[in-house]
Q: 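Below is the structure I would like to discuss, written out as structure tokens.
First the proteins, then the strands, lettered A, B, ... as listed; each starts at 1.
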Amino acid sequence: MKHFTGATAAVLTAMGLTSFCLTAEAAETTYTIDTNHSFPSFEIKHMGFSTFRGRFDKFSGSVTLDPAAKKGSADVAIEVGSVSTGVDKLNEHLKTADFFDSATYPTITFKSSSFKFKGDQLVSVAGELTMHGVTKPVTLQVDAFACKEHPFMKVPACGADAHAVIKRSEWGIGGKFPAGILSEEVTLHIQVEAQHKG
Amino acid sequence: MADPVAITGTYAVDTMHTIPMFEIRHLGLSHYVARFTKVSGTVTLDAEKKTGSAEIIIDAASVSTALVEFDGHLKGKDYFDVEKHPTINFKSGKFKFEGDKVVEIAGDLTMHGVTKPVTFKVNGFVCIPHHFRKVPACGADASATINRTDWGIVGPYPPPLVAEEVKLRILIEGYKT
């Protein structure tokens, strides 16, 4: 009986340790942003009657998630010179000192270590957006957060749509253009997919 | 600009400020976003009779995803098959107004050689004098959800790898001619 109890205790301890190890292992997973399936984009009201959308084609970054502890972090770098609107002339204009000034400020970065979860859903990410040489806080609202095994890579993968409305003047962008021509408010839209690369 | 007489007329689609795009669910994980960069067209509005018409022509080969290799795949036989079907076309003679705003546009979408009806919901319809051109100009954000297989765009990946539902969105700007 004593032996049985001892064995049970040993099993329970082993199970406890095992689950502790699993928890410790699963505590934080790092995901690399899939640049082929992610789209950092922005929308701005043009002359008060239409919406213009542009995207950045070159970027890199990683996200860590710890759903059990409801924590996470993100570190993203976007190449300003990769701004893409579908119109070459506009791309070139956006890179000048009138807007992003990519020669002086070649990189946009977003860094966050403040992730908010509701249940197991990531709902917002608060961080610092550095753009045009200015760093300001931005909170991205997160929709459609999903994680599952990637069907081809067989690794954990997550996706989400994130958005935030910022005021471009806070980053000193496009001061030549009054709100009637280009709205002060810019909506950032980031559709993202990321995989754990092991 | 609420004056219906001023609004009524024919508008050219501003090719530089009009963006036809689509969103599709990828692997049940994320939304894939792409756009077409070459578009032209005409819209007529009669704000008194509350009628309108539209013809939008999209160059299927101008599909743009940020990944040139993938653009090539989208243009190929698996998807848009642009050699055979170079143009995507939307024609409508059915505009629905609420007050002086267009809220819905129903028409026929021809894509991949197939013509089917599609109704776009219209958000943010605004007409004001164009700051530079000094003529009435209108803008809107139109969207509709379709099933790509209705147009025979089956592709190599069935759902849930690539969803059948596709959200179409046209960010449109036009100026009176």
Q: Do the side chains of B/Val118 and B/Val103 join up, straight or via other hydrophobic residues, at under 4.5 Å, putting them in one cluster?
A: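 Unlinked, B/Val118 and B/Val103 end up in two clusters.
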Q: Within this structure, what is the OG-CG distance for the pair B/Ser30 and A/Asp34, rounded to the nearest 0.5 Å?
A: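 Nearest 0.5 Å value for the OG-CG distance: 7.5 Å.
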Q: Under a 4.5 Å side-chain heavy-atom rule over Ile, Leu, Val, Met, Phe, Trp and Tyr, are A/Leu94 and A/Tyr105 clustered together?
A: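 In one cluster with A/Leu94: A/Tyr105, no.
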Q: With a 4.5 Å cut-off on side-chain heavy atoms, are A/Ser84 and B/Arg35 touching?
A: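 In contact.
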Q: Under a 4.5 Å cut-off applied to non-hydrogen side-chain atoms, are B/Leu27 and A/Glu193 in contact?
A: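 Heavy-atom side-chain distance check passes, below 4.5 Å.
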Q: Quick check on B/Leu161 against chain A: is it the side chain, the backbone, both or neither that has a heavy atom closer than 4.5 Å?
A: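 Answer is side chain: those atoms of B/Leu161 sit under 4.5 Å from chain A.
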Q: What part of A/Thr85 gets closer than 4.5 Å to chain B, counting heavy atoms only: side chain, backbone, both or neither?
A: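 When you check distances to chain B, only backbone atoms of A/Thr85 fall under 4.5 Å.
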Q: With only heavy atoms counted, which part of B/Glu23 is less than 4.5 Å from chain A, the side chain, the backbone, both or neither?
A: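 B/Glu23 touches chain A through side-chain heavy atoms alone.
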Q: Go through A/His37, A/Glu43, A/Gln191 and name the one with the most non-hydrogen pairs under 4.5 angstrom from chain B.
A: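 The answer is A/His37.
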Q: Tell me, side chain or backbone of A/Phe152 under 4.5 Å from chain B's heavy atoms, or both, or neither?
A: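 It is the side chain, since no backbone atom gets that close.
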Q: Do the side chain of B/Lys38 and the main chain of A/Gly86 share a donor and acceptor less than 3.5 angstrom apart?
A: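 No; zero donor-acceptor contacts below 3.5 Å.
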Q: For B/Phe132 and A/Ile181, which heavy atoms make the closest approach, and how far apart are they?
A: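 So the two residues come closest at CZ-CD1, 4.0 Å.
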Q: Side-chain heavy atoms nearer than 4.5 Å, only ILVMFWY residues, links allowed to pass through others: does that put B/Phe22 and B/Val82 together?
A: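 Yes, B/Phe22 connects to B/Val82 through the hydrophobic network.
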Q: Restricting to non-hydrogen atoms, name the atom on B/Leu29 and the atom on A/Ala146 that form the minimum distance, rounded to 0.1 Å.
A: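 Smallest interatomic distance, heavy atoms only, reads CD2-O, 3.7 Å.
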Q: Classify the ring geometry between A/Phe52 and B/His17 as parallel (under 30°), tilted (30 to 60°) or perpendicular (over 60°).
A: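 The rings of A/Phe52 and B/His17 stand perpendicular, inter-plane angle above 60°.
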Q: State yes or no: are the ring centers of A/Phe49 and B/Phe125 separated by less than 6.0 Å?
A: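 Not close enough - the centres of the two rings lie 6.0 Å or further apart.
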Q: Between chain A and each of B/Ser64, B/Ala140, B/Gly28, count heavy-atom pairs under 4.5 Å; write down the option with the most.
A: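 So the answer, after comparing B/Ser64, B/Ala140, B/Gly28, is B/Ser64.
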Q: Can you get from B/Val114 to B/Ile58 by hopping between Ile, Leu, Val, Met, Phe, Trp and Tyr side chains that sit under 4.5 Å apart?
A: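 Yes, one cluster joins them.
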Q: Determine the option with the most heavy-atom pairs under 4.5 angstrom with chain B, choosing from A/Lys45, A/His46, A/His189, A/His150.
A: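 Highest number of heavy-atom pairs under 4.5 Å: A/His46.
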Q: Using non-hydrogen atoms only, which part of B/Thr65 is less than 4.5 Å away from chain A: side chain, backbone, both, or neither?
A: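 Contact with chain A: backbone only.
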Q: Pick one of side chain, backbone, both or neither for B/Leu67, based on which atoms fall under 4.5 Å of a heavy atom in chain A.
A: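 Side chain only.
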Q: In this structure, are over 12 heavy atoms from other groups packed under 6.0 Å from B/Lys77 atom NZ?
A: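 No, because the 6.0 Å sphere around NZ of B/Lys77 holds 12 heavy atoms or fewer from other groups.
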Q: Need one label for A/Val192: side chain, backbone, both or neither, based on atoms under 4.5 Å from any heavy atom in chain B.
A: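 Backbone only.
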Q: Inspect the surroundings of NZ in B/Lys75 and state if more than 12 heavy atoms from other residues, nucleotides or ligands are less than 6.0 Å away.
A: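 It does: B/Lys75 NZ has more than 12 such atoms within range.
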Q: Side chain, backbone, both or neither: which part of A/Ala160 has a non-hydrogen atom closer than 4.5 Å to chain B?
A: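 The backbone, not the side chain.
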Q: Linking I/L/V/M/F/W/Y whenever their side-chain heavy atoms sit closer than 4.5 Å, directly or via other members, would B/Tyr175 and B/Ile19 fall into one cluster?
A: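 Unlinked, B/Tyr175 and B/Ile19 end up in two clusters.
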Q: For chain A, find which of B/Met16, B/Glu69, B/His131 contributes the most heavy-atom pairs closer than 4.5 angstrom.
A: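 Greatest number of close heavy-atom pairs with chain A: B/Met16.
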